[in-house]
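A, B, ... follow the sequence lines: proteins, then strands. Residue 1 opens every chain.
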Number of protein chains: 2
Amino acid sequence: MTKKATQLAYIQAYEYIRDRILNGELERGTKLVEERLAEEMGISRTPVRDSIRKLEQEGLIKDKRVVNPSDSDLRDVFQVRTLLEGFAVRHCAMYMGEGDLDKLRNCVEVGRTGTMEQVMAANKEFHEIIVGATNNPVMIDIFERMQSIIYLFRKTVVYHKRPLLIDEHQDIYEAIAAHDADEAERLMKAHLQLDLEFCLNRMKG
Amino acid sequence: MTKKATQLAYIQAYEYIRDRILNGELERGTKLVEERLAEEMGISRTPVRDSIRKLEQEGLIKDKRVVNPSDSDLRDVFQVRTLLEGFAVRHCAMYMGEGDLDKLRNCVEVGRTGTMEQVMAANKEFHEIIVGATNNPVMIDIFERMQSIIYLFRKTVVYHKRPLLIDEHQDIYEAIAAHDADEAERLMKAHLQLDLEFCLNRMKG
DNA sequence: TTAAAATATTTTGTATACAAAATGAACAAT
DNA sequence: ATTGTTCATTTTGTATACAAAATATTTTAA
């Protein structure tokens, strides 16, 4: 019994467009024409419009174009991200149980030994576990939305492994495991700051 | 020369539905039927659907019903709100100029002397000025989205003036004016905490 | 050649019709 | 009475046609 994929056209359209944006096939700034996309997918404009509206709300599309975030936009996102993850990691240091701690440690491990794809997934998961541990759906939702933008931005720098990234994750993990909330928060903020600067610098090249 | 109102049906529909939700005419939990609303406004379903989708993204509608946030939902929102406004007020204490300070002082003043409607508007503005001063559109956007939910929740307690609310605003203003970031943040967090508890308690009655 | 106006083309917004799905009511069997 | 099944009704999802708006192109005048 194979898991039945969603048959609804507007969901299909949403995933299709979203994936094409995130993997870079639809470049930043590209104008999205409803009819062209509809034809491309063999459906009508109606569900395509729905999905475009949704992606607009999520911030991946702006004025019918794939968003093209400026340095300033990215800074704004990171400022909020730093706030949320700073809070979240503090929460982790105080309350996180063994299960999640194991998962975090595993992310660090994969970060050192895995393939490129595995490393990227593990890095993403590392942050998701931390934010998820707050158990606050509002916060998680905001975080996930920002992830899309960040991923979009990072797309072009994906093959430039940032040095020290895994070391920083390990340090954060250790601070959490040691229940040192202040240190965990401090390390997380520094980590995100470096990440931001790496992104911004790479964009210029 | 009167300001020309937007003629687009989907914007009109958005504002119409949103206002009816926020002012309580559409009660929490009410099922929203596209065709009924369309007929009611004398337009077709298409723009009504658009606006419902948008309101769903904004969190005012969930599963075609006016949201009915639980205590837990409201706590989650306030946790994020506290984080954002704590940061924002700290920013204000460090960088806010005379112009905005005047506006804040005016909000406090109106809070003491105005009519019910004026007081409510001034209270809202007080917080908007503080968040707006961060100059971070991402943060402002998140804040505004939460405001809708909070307002919806608060709707039922609107005529129970909370004691001390204006005093707290004044204290926050003074801490900002004195450039005391730590104190401003502390006062803001306490203020929001009291606000949350007031909301939650009133809901039970 | 450049700027402005007019025209053509593309693209979006809206209405409507029909199909698919979800919901609810009526009925039968236990 | 309760459960389950069938049928009717409502509501949503999708396609299509047309109108309005925005964009691009050509034409005309200086």
Check: Just how far, in rounded Å, is C1' of C:dA21 from CG of A:Leu8?
Finding: 9 Å
Checklist line | Euclidean distance, atom CG of residue B:Leu37 to atom C1' of D:dT10 [Å, nearest integer] | finding: 15 Å
Next item on the list: Could you tell me the separation between the OH atom of A:Tyr14 and the P atom of D:dT14, rounded to a whole number of Å?
Entry: 16 Å
Check: Is the backbone of B:Gly29 close enough, under 3.5 Å, to the side chain of B:Arg65 for a donor and an acceptor to pair up by distance?
Finding: yes
Note to self: Please determine whether a side-chain nitrogen of the Lys or Arg among B:Lys54 and B:Asp50 lies less than 4.0 Å from a carboxylate oxygen of the Asp or Glu.
What the structure shows: no
Checklist line | Exceeds 12 heavy-atom contacts within 6.0 angstrom, atom NZ of B:Lys62 | finding: no
Notebook entry, point to check: Can a cation-pi geometry be assigned to B:Arg81 and B:Phe78, taking NZ or CZ under 6.0 Å from the six-membered ring centre and within 45° of the ring axis?
Noted result: yes
Anything under 3.5 Å between a donor and an acceptor, one on a side chain of residues 130-140 of chain B, the other on a protein residue two or more places apart or in another chain? List them.
residue: B:Thr134; atom: OG1; partner: B:Val131; partner atom: O; Å: 2.7
residue: B:Thr134; atom: OG1; partner: B:Asn136; partner atom: N; Å: 3.2
residue: B:Asn136; atom: OD1; partner: B:Val138; partner atom: N; Å: 2.9
residue: B:Asn136; atom: OD1; partner: B:Met139; partner atom: N; Å: 3.2
residue: B:Asn136; atom: ND2; partner: A:Asp76; partner atom: O; Å: 3.1
residue: B:Asn136; atom: ND2; partner: A:Gln79; partner atom: OE1; Å: 2.9

Margin query: Quick check on C:dA15: is either OP1 or OP2 less than 4.0 Å from any side-chain nitrogen or oxygen of B:Ser44?
Written below: yes
Next item on the list: Ignoring hydrogens and angles, tell me if any N or O in the side chain of B:His179 forms a donor-acceptor pair with the backbone of B:Met94 under 3.5 Å.
Entry: no
Margin query: Please report the distance, rounded to the nearest Å, between OH in B:Tyr10 and C1' in C:dA15.
Written below: 17 Å
Please tabulate the protein-to-nucleotide N/O contacts below 3.5 Å involving nucleotides 9-12 of chain C, giving atom names and distances.
residue: C:dT12; atom: OP1; partner: A:Leu32; partner atom: O; Å: 3.3
residue: C:dT12; atom: OP2; partner: A:Glu34; partner atom: N; Å: 3.3

